[in-house]
Every structure is written in structure tokens, then in C-alpha cells.
Protein chains: 2
Amino acid sequence: MPERYYEEKHFIEDISLYFEQMGIPRMAGRILGVLLIANPPEQSIDDLCEQLQASKSAISTSARLLSEMGLIERAPSPLPRRVYFRFQPGGWIKFMRMYLRMMASLHGIAERGLELLKDEDPTLSERLQEAHDMFSLIEDELPMLLKRIEEKRQI
Amino acid sequence: MPERYYEEKHFIEDISLYFEQMGIPRMAGRILGVLLIANPPEQSIDDLCEQLQASKSAISTSARLLSEMGLIERAPSPLPRRVYFRFQPGGWIKFMRMYLRMMASLHGIAERGLELLKDEDPTLSERLQEAHDMFSLIEDELPMLLKRIEEKRQI
DNA sequence: ACTAAGATTCTGTATTGACAGAAAATTCTG
DNA sequence: CAGAATTTTCTGTCAATACAGAATCTTAGT
């Protein structure tokens with residue numbers, strides 16, 4: 001086996017481990033890994049099964065998850081009745097936006113905490129105020145940053 | 001039971017669910033939840049056991065994890081031989097910095113992917129270049145943002 | 001419409017991980 | 001420095017989850 005083969009495997013496995021850390025199934029990470037370096041970028045379910053030595057059901061389920069996350073998309077199929085996937089341009093930005101939404105939810109929870117402490121000594125609120133301030137700023141600034149990246153890409 | 005009791009429980013559970021989504025054990029999220037709204041902010045292991053109806057081992061393990069993450073800290077103990085925890089001021093910023101580090105690791109993986117594609121058609125590299133550009137920008141800008149937040153807090 | 005190829009969903013199983021309880025280690029008092 | 005109180009680590013168990021394989025549903029070609 002050529003060196004390159006192992007490097008690809010390693011890349012795919014590292015992506016999958018990263019996504020596992022985020023609570024996303026390993027298989028989804030592996031699929032993404034393949035679709036990030038595959039040539040051609042479009043890969044059928046069977047291609048993915050073979051490359052990852054996994055069942056169709058596992059591929060199908062995890063690919064759907066990645067689609068919902070906006071990281072991959074179905075590609076126009078060269079063959080009839082066959083589903084092809086590829087990385088979705090702009091997928092990484094969508095991924096970051098998902099993160100932003102998650103942060104926003106934590107922001108909301110923090111505000112509920114502040115509400116709970118509103119009648120107590122204000123110094124008790126500091127730990128939640130800190131969260132509130134931080135998330136507010138990030139929610140103000142990060143979308144702008146992402147927009148800038150997006151525009152840069154589209155030129 | 002007063003209304004407030006349920007609101008606190010709900011708050012704690014929502015924090016724990018959020019952290020679970022991030023791949024952090026539920027119990028750690030619950031401990032953080034308690035320490036965000038507790039009065040006084042310092043709570044002993046036994047306090048936490050009682051409030052969360054959990055074993056000492058579970059509290060001990062998860063509290064250590066939160067300490068390593070920089071979200072909570074051991075507090076000077078009013079009683080000898082007894083460990084008290086509290087939310088660590090600046091903890092949320094540490095939390096965000098942890099995120100940054102995780103992103104940086106993905107950044108590194110993406111660059112390895114680019115390396116793998118360096119001899120192929122440049123259009124194939126776009127999906128990884130996108131990641132590279134995005135993470136670079138975020139890694140440039142977010143630390144500045146966090147620093148600003150930090151300085152604001154310390155005034 | 002029927003049929004065949006393929007994708008998706010459902011069900012069972014094996015693995016993983018969270019937690020309780022027990023054992024070991026640590027810390028403080030007399 | 002002995003001993004008691006408290007925390008931490010270790011071990012076993014239970015529940016949750018990822019995946020394989022089977023069953024069902026979809027799609028397209030005749």
C-alpha cells in the first residue's frame with residue numbers, strides 16, 4: 001500500500017474523532033472526511049460503503065445528518081436511481097452558524113438564570129452577567145465576521 | 001413546593017442538556033448549573049450531592065472535569081477537610097478559549113487535507129481552502145474579541 | 001402499472017460511557 | 001504519629017448509542 005493511502009486514512013479518522021468530540025457520530029465524521037478529499041468530489045453511497053467498510057444503513061443515516069447540518073449535499077447523479085453526495089460549498093460557514101445558534105441557546109438560559117437572581121445581592125449575578133455580556137458580544141460580532149468570509153469567497 | 005424550586009431545577013437541567021450536546025457529561029452540566037445560581041456561591045461536595053441527588057464519586061469526577069476546563073474552582077473552605085467549589089470568574093471566557101483550541105485542531109487537520117490535494121486540480125482544494133480561510137480569520141479575530149471582553153470586565 | 005435496483009427506516013446486538021458503591025488515599029485533629 | 005473524617009480512584013452495572021442486517025419504501029424504466 002502506498003504511503004498516501006495511510007495519510008488519507010489518518011486524515012479521515014482525525015476528522016471523525018474531532019466530530020465525535022462534538023457529540024456527532026463517528027461515521028458522519030468519516031463520511032465528511034472522505035468527501036473532503038475525494039476525487040471526484042461526488043461519491044455514491046456504495047462508494048462510501050466500500051471506502052469506509054460500513055453498511056448502507058450506517059452511511060445513509062449519517063449522510064442525512066450531515067445534510068441537515070448543511071455540511072454536505074446530494075449531487076446530481078450521473079447514474080439513475082443512485083444518490084451521490086459531495087461537500088457543500090459554504091458548508092463550513094453553515095457549520096459555524098450552527099455553533100452560533102447553540103451559543104444563542106446558552107445565552108437564553110443564562111438570562112433565565114439572571115431572572116432567578118434578580119432579587120438577590122447583585123454580586124451574585126456577576127457569574128451570569130459575564131455569560132450574558134460575552135454571548136451578546138459574540139452574537140453581535142461573529143455574524144459580521146462570517147459574512148465577511150462569505151463575501152470574500154464569492155468573489 | 002414553591003414555583004422557584006421548579007424554575008431552578010429547569011435551569012439546571014437546561015444547562016446540563018446543553019453541555020451534553022457538547023459531549024460533556026450531564027452531571028458536569030448539572031454541577032455548573034447549581035454553581036451558577038447558588039447562594040452562597042460556594043458549595044461543598046455534600047451540598048452538591050444533596051441538591052442533585054447524586055453520589056459523591058459522580059460529583060467528584062465531574063467537578064474535577066469542570067475545574068480542568070476552567071469553569072469552576074475550589075473555594076477556600078469555611079470548614080476544615082471539606083472541599084468547596086464555586087464558579088470561576090472569567091470561566092466563560094476560558095470556555096470560549098477552549099473552543100478556539102478545538103477549532104485550531106480542526107484547522108490543522110484541514111491543512112493536512114490541503115497537503116494531500118496539492119498535486120491535483122486546484123478546484124478540488126476549494127472545500128478545504130474554505131475551512132482554512134475561515135479558521136484563520138476566526139483565530140485571528142476571536143482572541144481579540146475575547147480580550148476586549150476580558151478587559152471590560154476587569155474595569 | 002409492474003418490476004427491479006437502490007435508498008431508507010426499523011429492529012436487534014454489541015460496545016461505550018455514566019454513575020453508584022466499595023476500596024484506597026488524603027487531610028486534618030488530638 | 002495515630003485515627004477519624006472526607007475526597008478520590010477503582011470496579012461493576014445499567015442504560016444509551018452506533019452500527020449491521022432485514023424489511024419497507026422509492027424511483028425509474030418497460
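Note that the coordinates shown come from a computational prediction; the quantities given were computed from them, not determined experimentally. In what follows, chains carry the letters A, B, and so on, assigned in the order in which the sequence lines appear, proteins first and then strands, with residues in each chain numbered from 1.
For C:dT9, the OP1/OP2 oxygens have a side-chain nitrogen or oxygen of A:Arg64 closer than 4.0 Å. Checking the phosphate oxygens (OP1, OP2) of D:dA15, no side-chain nitrogen or oxygen of B:Arg26 falls inside 4.0 Å. For B:Arg82 and C:dT26, the shortest distance from a side-chain N or O to OP1 or OP2 is not below 4.0 Å.
At distances below 3.5 Å, at least one donor-acceptor pair connects side-chain atoms of A:Glu130 with backbone N or O atoms of B:Gly91. In this structure a side-chain-to-backbone donor-acceptor pair under 3.5 Å is present from B:Ser16 to B:Glu13.
Straight-line distance from the CZ atom of B:Arg30 to the P atom of C:dA18: 12 Å, rounded to whole Å. Distance, A:Leu65 CG to D:dA18 C1': 12 Å, rounded to whole Å. Atom P of nucleotide D:dA20 and atom NZ of A:Lys56 are separated by 13 Å, given to the nearest angstrom. When the C1' atom of D:dT6 is taken as reference, atom CZ of B:Phe85 falls 12 Å away, rounded to whole Å. Distance, B:Glu20 CD to D:dT17 C1': 11 Å, rounded to whole Å. Computed from coordinates, the A:Arg74 CZ to D:dT27 C1' distance equals 11 Å when rounded to whole Å. If you take CG of A:Leu48 and C1' of D:dA20, they are 17 Å apart, rounded to a whole angstrom. When the C1' atom of C:dA18 is taken as reference, atom CG of B:Leu52 falls 14 Å away, rounded to whole Å.
Note that CD of B:Gln129 and CG of B:Asp133 are 4.5 Å apart. Values are rounded to the nearest 0.5 Å.
Closest to the B:Pro80 side chain, of the nucleotides D:dT9, C:dT29, D:dT7, is C:dT29. Listed nucleotides D:dT7, C:dA20, D:dC19 differ in distance to B:Val83; the shortest reach to its side chain belongs to D:dT7. Closest to the B:Asp46 side chain, of the nucleotides D:dC19, C:dC19, D:dT7, is D:dT7.
Checked by distance alone, B:Ser57 brings a side-chain donor or acceptor within 3.5 Å of a matching partner on the base of C:dA20. No donor-acceptor contact under 3.5 Å links the side chain of A:Ser55 to the base of D:dG21. Between the side chain of B:Arg81 and the base of D:dA4 there is at least one donor-acceptor pair of N/O atoms closer than 3.5 Å.
Both B:Ser60 and A:Gly23 sit near DNA chain D, but only B:Ser60 has its closest nucleotide nearer the 5' end.
The minimum heavy-atom distance linking B:Ala110 with B:Ala131 is given by the pair CB-CB, 4.1 Å.
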Next item on the list: For side chain to side chain contact (heavy atoms under 4.5 Å, CB included), just list the numbers for B:Phe85 and B:Glu73, CA-CA rounded to whole Å, side-chain angles, deciding distance to a tenth of an Å, and then say yes or no.
Entry: CA-CA 6 Å; B:Phe85 287 104; B:Glu73 64 186 358; over 6 Å; no
